[in-house]
Amino acid sequence: MTDSAKPPGRFEIFNTLGRAVQQFVPRTEGVVQLYACGPTVYDYATIGNFRTFILVDVLRRTLDALGYQVRHVMNITDVGHLASDADEGEDKMLAGARREGRTVWDIAQFYTDRFFADADALNILRPDVVAKATDHIDDMIALIRRLEAHGFTYVAGGNVFFDVARFSRYGELALLDRQQLQAGARISVDRSKRNPEDFGLWFTRSKFEDQAMIWDSPWGRGYPGWHIECSAMAMRYLAEQFDIHCGGIDLIPVHHTNEIAQAEAALGIEANDPQRWVNYWCHGEFLLVNGAKMSKSKGNWVTIGQLQEDGYDALDYRYFVLGAHYRAHQNFTMRALDAARAARAGLVSRVAALARAAGIDAPGAVADGGHAHPAANEALAHAAHDLAMPRVLARLWQLVKSDSDDPECTLRAVAAIDRVLGLKLLQSAASALADDTRSDPDVDALVRERDEARRRRDFARADAIRTQLAAQGIELRDAATGTVWQRAAALPERDR
RNA sequence: GGCGCCGUACCCAAGAGGUAAGGGAGAGGUCUGCAAAACCUUUAUGCACCGGUUCGAUUCCGGUCGGCGCCUCCA
């Protein structure tokens with residue numbers, strides 16, 4: 001574990017606010033306050049969603065490995081939101097409920113559970129705080145009241161809006177030029193708004209008669225706008241001003257832009273104030289599927305569960321994601337996933353071989369070697385430079401392929417590197433080693449008989465036994481130390 | 001109309017102003033009764049194209065072509 005007496009290592013991260021890789025300086029020495037936008041739980045999360053959650057996880061692991069104390073907060077959006085401020089489209093939670101004939105509350109619980117099941121399979125660490133929007137309506141109302149007190153709101157058509165014109169820095173994060181935006185280019189604009197960019201803070205008017213999630217508020221019975229929850233919950237569980245806010249790149253132009261507006265307006269942060277609500281904004285690029293964006297609306301989305309049904313381990317997907325830099329597009333194809341699976345398997349088998357060489361039966365228990373090993377040092381340095389995970393992987397491969405006269409030391413370095421990668425390499429190697437000693441009376445008897453036959457050079461009989469076992473899905477390998485067997489991995493092939 | 005990103009071998013994908021990480025796949029080899037596994041070796045004088053800056057660019061600048069995305073919700 002990291003020596004907490006030492007100051008944290010240097011960390012650099014690309015800041016969307018400023019569009020440059022910057023040296024990370026936390027507000028409080030040695031402590032990182034991190035907020036990540038979580039899932040909307042009206043349907044399964046896609047592998048694209050999880051690309052971003054893996055980014056957050058890697059960020060958190062890297063900061064931790066560098067010696068920072070990280071406090072990680074994530075929201076669960078379990079309240080329905082309309083498709084636009086114009087009260088159009090459909091409420092996603094309601095749509096999910098209608099689709100499945102269940103209540104919105106059931107839907108939220110079900111998909112929240114599914115989300116964490118997938119996240120666990122991907123070895124994504126749980127945030128320190130998971131906050132549900134519906135548990136924090138009071139915090140949102142309090143924040144809206146603060147905005148109201150500062151004169152940043154107005155009521156129109158029964159709904160409370162944020163007045164963008166009052167916030168001069170509006171759009172800075174997204175480099176938006178308000179004059180050039182084609183408002184309503186793709187959707188119609190709510191006529192009651194003063195400016196097209198104004199966004200709802202609290203709605204009391206909805207076209208949905210069966211709106212199940214409504215609460216009392218100073219403005220009437222209704223429900224909160226889309227953006228207020230993250231700001232309210234981040235400020236509640238972190239501090240009013242904190243270090244890093246993460247999300248997908250698609251959140252930049254609207255969600256995060258609006259979050260900055262409402263939070264800085266509420267906090268009274270002036271336009272020329274160097275003190276920001278959040279100092280570092282970190283965004284993950286999109287995952288493409290066969291060259292095109294994956295989205296729920298297009299229907300070309302893939303879930304972790306689907307990959308598992310096809311015989312892949314969630315960690316194969318994690319390896320795939322780690323193979324590309326988080327700020328670059330990444331193209332998901334089954335062929336690329338196959339490559340990731342093969343690569344991860346190769347890594348695990350090399351780690352298992354190191355454990356054998358070191359005489360360690362349970363490599364899962366190997367403590368990481370701190371930063372004693374140069375390879376671990378270099379790998380961590382790559383991670384610390386804007387999360388260059390492809391370089392971390394390359395360094396790991398170099399380490400694992402090098403001849404080592406101290407396999408245990410190498411193993412400790414692997415453990416240290418995997419602390420950042422989160423690929424469970426040591427645990428996986430442990431189960432690979434367990435396979436070495438697997439036994440089954442019937443199979444063992446046949447294997448012994450075959451060995452006898454081979455000794456007699458009765459290869460016809462030996463091959464017959466091998467064929468017989470193969471029919472049962474058992475593969476034999478005649479290693480120098482004797483014959484070992486394993487069940488062939490069942491890998492249903494999907495059309496690709 | 002405005003804004004942003006990208007274009008590296010068969011595939012995925014790093015990269016830096018000084019001569020192309022890593023993985024997968026393929027090929028060759030070692031080993032083996034055969035096979036499998038494992039291991040070794042190997043695969044871009046080249047980084048979309050055209051100009052410019054430079055002693056030197058794939059890496060910087062400008063342009064062209066091509067792909068993707070945003071300006072509704074979406075990670």
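Heavy atoms only: backbone and side chains are in, while hydrogens, waters and symmetry mates are out. So you know, we letter chains A, B, ... as the sequences are listed, proteins then strands, and number each from 1.
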Discussion item. What is the separation between atom CG on A:L337 and atom C1' on B:rG23, rounded to the nearest whole Å?
Written reply: 13 Å
Discussion item. Let's test this: given Watson-Crick or G-U wobble pairing with both distances under 3.5 Å, identify the partner of B:rA16.
Written reply: none
Item to complete: Side chain of A:L288 only, please: which of B:rC68, B:rA13, B:rA25 is the nearest?
Response: B:rC68
Discussion item. Applying a 4.0 Å non-hydrogen cut-off, can you work out what A:L55 is touching in the nucleic acid: base, sugar-phosphate, or nothing?
Written reply: nothing
Practice prompt. Remember a base hit wins even if backbone is also touched, and classify A:L347 as base, sugar-phosphate or nothing at under 4.0 Å, heavy atoms.
Written response: nothing
Worksheet item: Separation of A:H329 atom NE2 from B:rG4 atom P, in whole Å?
Response: 14 Å
Discussion item. For the C1' atoms, the ones on B:rG4 and on B:rU41, what distance do you get once it is rounded to whole angstrom?
Written reply: 44 Å
Discussion item. Just the rounded figure in Å: distance from C1' of B:rG67 to CG of A:N290.
Written reply: 15 Å
Discussion item. Let's test this: given Watson-Crick or G-U wobble pairing with both distances under 3.5 Å, identify the partner of B:rU41.
Written reply: B:rA27
Worksheet item: For B:rC3, which nucleotide is its Watson-Crick or G-U wobble mate, given both distances must be under 3.5 Å?
Response: B:rG69
Discussion item. Using a heavy-atom cut-off of 4.0 Å across all strands, would you classify A:G284 as base, sugar-phosphate, or nothing?
Written reply: nothing
Item to complete: Give one of base, sugar-phosphate or nothing for A:M389, where a contact means two heavy atoms less than 4.0 Å apart.
Response: nothing
Response to the item:
Pairing partner of B:rG62, by Watson-Crick or G-U wobble and under 3.5 Å for both distances, is B:rC50
Worksheet item: With under 30° as parallel and over 60° as perpendicular, where do the rings of A:F199 and A:F162 fit, or are they tilted in between?
Response: parallel
Worksheet item: If you check every side-chain atom of A:K293, which of B:rC70, B:rA13, B:rC68 has the closest atom?
Response: B:rC70
Practice prompt. Return no unless some side-chain N or O of A:K401 is found under 4.0 Å from OP1 or OP2 of B:rC39.
Written response: no
Discussion item. With heavy-atom distances below 4.5 Å as the criterion, would you say the side chains of A:D386 and A:E12 are in contact?
Written reply: no
Practice prompt. Take the angle between the ring planes of A:F115 and A:F50 and call it parallel below 30°, perpendicular above 60°, tilted in between.
Written response: parallel
Worksheet item: Between A:D478 (CG) and B:rU30 (P), how many Å, whole number?
Response: 19 Å
Worksheet item: Taking the side chain of A:F320 as heavy atoms from C-beta outward, which of B:rG23, B:rG24, B:rC12 is closest to it?
Response: B:rC12
Item to complete: Please work out if A:G346 contacts a base, only the sugar-phosphate, or nothing of the nucleic acid, heavy-atom cut-off 4.0 Å.
Response: nothing
Worksheet item: Does B:rA38 have OP1 or OP2 sitting under 4.0 Å from an N or O in the side chain of A:R350?
Response: no
Worksheet entry | side-chain contact (heavy atoms from CB on, under 4.5 Å) partner of A:L423, chosen from A:V414, A:L322, A:N123 | A:L322
Worksheet entry | Check: B:rC5 base within 3.5 Å donor-acceptor of A:R327 side chain | no
Item to complete: Round to the nearest Å and state the distance from A:H325 atom NE2 to B:rC5 atom P.
Response: 14 Å
Fill in: Ring centres under 6.0 angstrom apart (A:Y111, A:Y44)
yes
Discussion item. On RNA chain B, does the nearest nucleotide to A:R391 precede the nearest nucleotide to A:T52 from the 5' side, or the other way round? Give the residue.
Written reply: A:R391
Practice prompt. Would you classify A:R450 as touching base, sugar-phosphate or nothing, given that sugar-phosphate means primed atoms plus P, OP1 and OP2, and contacts are heavy atoms under 4.0 Å?
Written response: base
Worksheet item: Looking at B:rC10, B:rA21, B:rC34, which one has an atom nearest to any side-chain atom of A:R335?
Response: B:rC10
Practice prompt. Report the distance from atom CD of A:Q398 to atom P of B:rA14, rounded to the nearest whole Å.
Written response: 18 Å
Discussion item. Closest-nucleotide mapping onto RNA chain B: is A:A339 or A:Y326 further toward the 5' terminus? I mean the 5' end.
Written reply: A:Y326
Fill in: Sugar-phosphate only, base, or nothing, as touched by A:A343 at under 4.0 Å among non-hydrogen atoms
sugar-phosphate
Discussion item. Need one value for A:R395: base, sugar-phosphate or nothing, where a base atom within 4.0 Å counts as base even if backbone is also close, heavy atoms only.
Written reply: nothing
Discussion item. Rounded to whole Å, how long is the line connecting atom CG of A:N331 with atom P of B:rG7?
Written reply: 13 Å
Practice prompt. Look at all strands and tell whether A:H283 reaches a base, only sugar-phosphate, or nothing, counting heavy atoms closer than 4.0 Å.
Written response: nothing
Worksheet item: When you measure from the side chain of A:D198 to the backbone N and O of A:V164, does any donor-acceptor pair fall under 3.5 Å?
Response: yes
Worksheet item: Looking for any heavy atom pair under 4.0 Å, which part of the strands does A:E285 touch: base, sugar-phosphate only, or nothing?
Response: base
Practice prompt. Keeping the roles fixed (side chain from A:D113, backbone from A:F110), state whether a donor-acceptor pair exists under 3.5 Å.
Written response: no
Worksheet item: From B:rG69, B:rU72, B:rC71, pick the nucleotide closest to the side chain of A:W226?
Response: B:rU72
Fill in: Verify stack between A:W397 ring and B:rG22 base, 5.5 Å, 30 degrees
no
Worksheet item: Between B:rC71 atom C1' and A:N195 atom CG, what is the distance in whole Å?
Response: 16 Å
Worksheet item: Is A:R327 close enough and on-axis enough to A:F14, meaning under 6.0 Å and within 45°, for cation-pi?
Response: yes
Practice prompt. Could you check whether A:A328 gets within reach of a base, just the sugar-phosphate, or nothing at all, counting any heavy atom under 4.0 Å?
Written response: sugar-phosphate
Item to complete: May I ask which nucleotide in the shown strands pairs with B:rG33, Watson-Crick or G-U wobble, both distances under 3.5 Å?
Response: none
Item to complete: Report yes if a donor N or O on one partner sits less than 3.5 Å from an acceptor N or O on the other, where the partners are the side chain of A:D250 and the base of B:rC73; otherwise report no.
Response: no
